[in-house]
Amino acid sequence: MLSNVFLKSLRDERWPMVWWSAGLGLFAAMMIAFFPSIRGNDDFNVMLESYPENLKTLFGLSELTDITSAVGFFNAEIFGFMAPLLFVIHGVVLGSGAIAGEEGRGSLEILLSEPIARGKLVVQKAAAMIANAISLGLVLWIVLVIGTLIIDIDLSVLNLAAITFSTVLLGVTFGALAIAAGCFTGSRGTSVTIVAAVAVGTYLLNAASGIVSYMEAAKWLSPFYYYNAANPLANGLNPAHAAALLATIAVLLAVGYFGFSRRDLRL
């Protein structure tokens, strides 16, 4: 098992994944159950219109015109803030623990005592993080599909898959950044701090691009723009935006691979 770090990592995370899946599934089910109570109720749209425009932009609601529709409600209550937040946290937890966590616990020496190269270790750790993120995305998608069928909510199964896949990509992007930071620093705390700063900074950058006219071009620097700017729940997956996130993930993992291969380890 030690020589296959990918399987070891999946085994080590099996119980946390159970709790993550249960919590995310329960959250999605609660949101679905709440939707019939506001469907077609224009009072909620009136309330939304009363919010300051800058506040709506900050929480990704600036393009929302009808919160009582299925697309509007799911974008606002699930995919506007909570789902991306949870997937980013999940990615950071796994990514920061992949290399830096093993090094901090003193278990990295045991892993490297096996016939496995440093580069292969990074690849298998990253693969396990991505596999866990995809599994969590499947849980969310399945709960959403079943819930919308039971309550008769008019949402495309393919579009639900598109927004869920985009959410997974966002989480993996920050997970890859956490791996890269851990590969360079060897400190899980430092890795989390770096990723938290980047996540908050890029989120605010994306929000500011919709508030301040001269910052509009800054949105291209934020993963949050590529995550939901094209509204995949209504329009399907935007290939260019998905490709941008995939390219970012690949670059970050390559940087981490390079850094870990050349760093003196604290074993």
Side-chain angles (χ1 to χ4, degrees), residues 1-17 20-21 84 86-140 164-199 202 223 226-227 242-263 265-267:
M1 179 65 77
L2 282 178
S3 61
N4 192 320
V5 177
F6 173 74
L7 294 179
K8 175 189 178 297
S9 299
L10 292 182
R11 185 199 64 184
D12 291 345
E13 293 295 330
R14 64 190 185 281
W15 285 113
M17 279 299 299
W20 270 99
S21 299
L86 291 173
F87 273 82
V88 167
I89 292 174
H90 179 259
V92 172
V93 169
L94 293 187
S96 63
I99 299 298
E102 296 277 8
E103 190 169 350
R105 291 191 298 269
S107 53
L108 186 60
E109 182 178 7
I110 299 174
L111 289 177
L112 292 177
S113 67
E114 296 293 319
I116 180 171
R118 290 191 188 187
K120 188 176 180 180
L121 177 64
V122 174
V123 169
Q124 293 196 25
K125 281 287 189 178
M129 182 267 291
I130 293 170
N132 279 319
I134 292 173
S135 299
L136 199 61
L138 283 173
V139 170
L140 177 60
T164 303
F165 179 64
S166 189
T167 309
V168 169
L169 286 181
L170 181 70
V172 172
T173 298
F174 286 99
L177 177 58
I179 289 177
C183 284
F184 269 93
T185 66
S187 167
R188 187 170 193 177
T190 302
S191 173
V192 171
T193 301
I194 291 172
V195 180
V198 172
T202 54
Y226 300 103
Y227 155 64
L245 290 176
L246 287 169
T248 303
I249 292 166
V251 169
L252 289 171
L253 293 178
V255 168
Y257 182 103
F258 174 85
F260 186 61
S261 297
R262 287 159 176 76
R263 181 169 62 85
L265 303 180
R266 302 193 306 269
L267 300 178

Phe87: partners by ring-ring contact (aromatic ring centres under 6.0 Å, His included), with sequence neighbours left out: none
Set of residues satisfying side chain to side chain donor-acceptor pair (under 3.5 Å) with respect to Thr193, sequence neighbours excluded: none
Any side-chain heavy-atom pair of Leu121 and Leu112 under 4.5 Å: yes
Contacts of type side chain to side chain donor-acceptor pair (under 3.5 Å), residue Thr190, not counting sequence neighbours: Ser187
Minimum heavy-atom distance Gly182-Ala100, with the two atoms named: CA-CB, 3.7 Å
Of all pairs that satisfy ring-ring contact (aromatic ring centres under 6.0 Å, His included), the ones with a partner from residues 90-116, not counting sequence neighbours: Trp20-His90
Passing option when Tyr226 is tested against Leu245, Thr173, Leu246 for side chain to side chain contact (heavy atoms under 4.5 Å, CB included): Leu245
Closest non-hydrogen atom pair between Pro16 and Asp12, with its separation: CD-O, 4.0 Å
Leu86 CG to Leu136 CG distance, which is reported to the nearest 0.5 Å: 8.5 Å
Any pair counted as side-chain hydrogen bond (donor to acceptor under 3.5 Å, both in side chains), so long as it reaches residues 91-101, sequence neighbours left out: Ser96-Arg188
Under the side-chain contact (heavy atoms from CB on, under 4.5 Å) test, residues paired with Phe6 that sit two or more places apart: Asn4, Leu10, Gln124, Ala127, Ala128, Ala131
Ile179 CD1 to Ser191 OG distance, which is reported to the nearest 0.5 Å: 9.0 Å
Sequence neighbours excluded and cut-off under 3.5 Å, please list the side-chain donor-acceptor pairs for residues 247-262, or say none.
unit_1: Thr248; atom_1: OG1; unit_2: Ala244; atom_2: O; d: 2.8
unit_1: Ser261; atom_1: OG; unit_2: Tyr257; atom_2: O; d: 2.7

Shortest non-hydrogen separation from Ala133 to Val172 and the atoms involved: CB-CG2, 3.6 Å
Partner residues of Ala180 under the side-chain contact (heavy atoms from CB on, under 4.5 Å) criterion, sequence neighbours left out: none
Least distance between heavy atoms, Cys183 atom then Val122 atom: SG-CG2, 4.1 Å
Main-chain N/O of Tyr227 paired to Ser166 side chain as donor or acceptor, under 3.5 Å: yes
Phe174: ring-ring contact (aromatic ring centres under 6.0 Å, His included) partners, not counting sequence neighbours: Phe224
side-chain contact (heavy atoms from CB on, under 4.5 Å) partners for Ser135, two or more places apart: Met17
Flag, side chain of Ser9 to backbone of Lys125, donor-acceptor distance under 3.5 Å: no
Lys120 side, atom NZ; Leu111 side, atom CG - distance, nearest 0.5 Å: 12.5 Å
Leu140 and Val168, any side-chain heavy atoms less than 4.5 Å apart: no
Thr202 to Pro223 - nearest heavy-atom pair and separation: CB-CD, 3.8 Å
Pairs where residues 96-131 contributes a residue and the test ring-ring contact (aromatic ring centres under 6.0 Å, His included) is met, not counting sequence neighbours: none
For Ser107, side-chain contact (heavy atoms from CB on, under 4.5 Å) partners two or more places apart: Glu102, Arg105
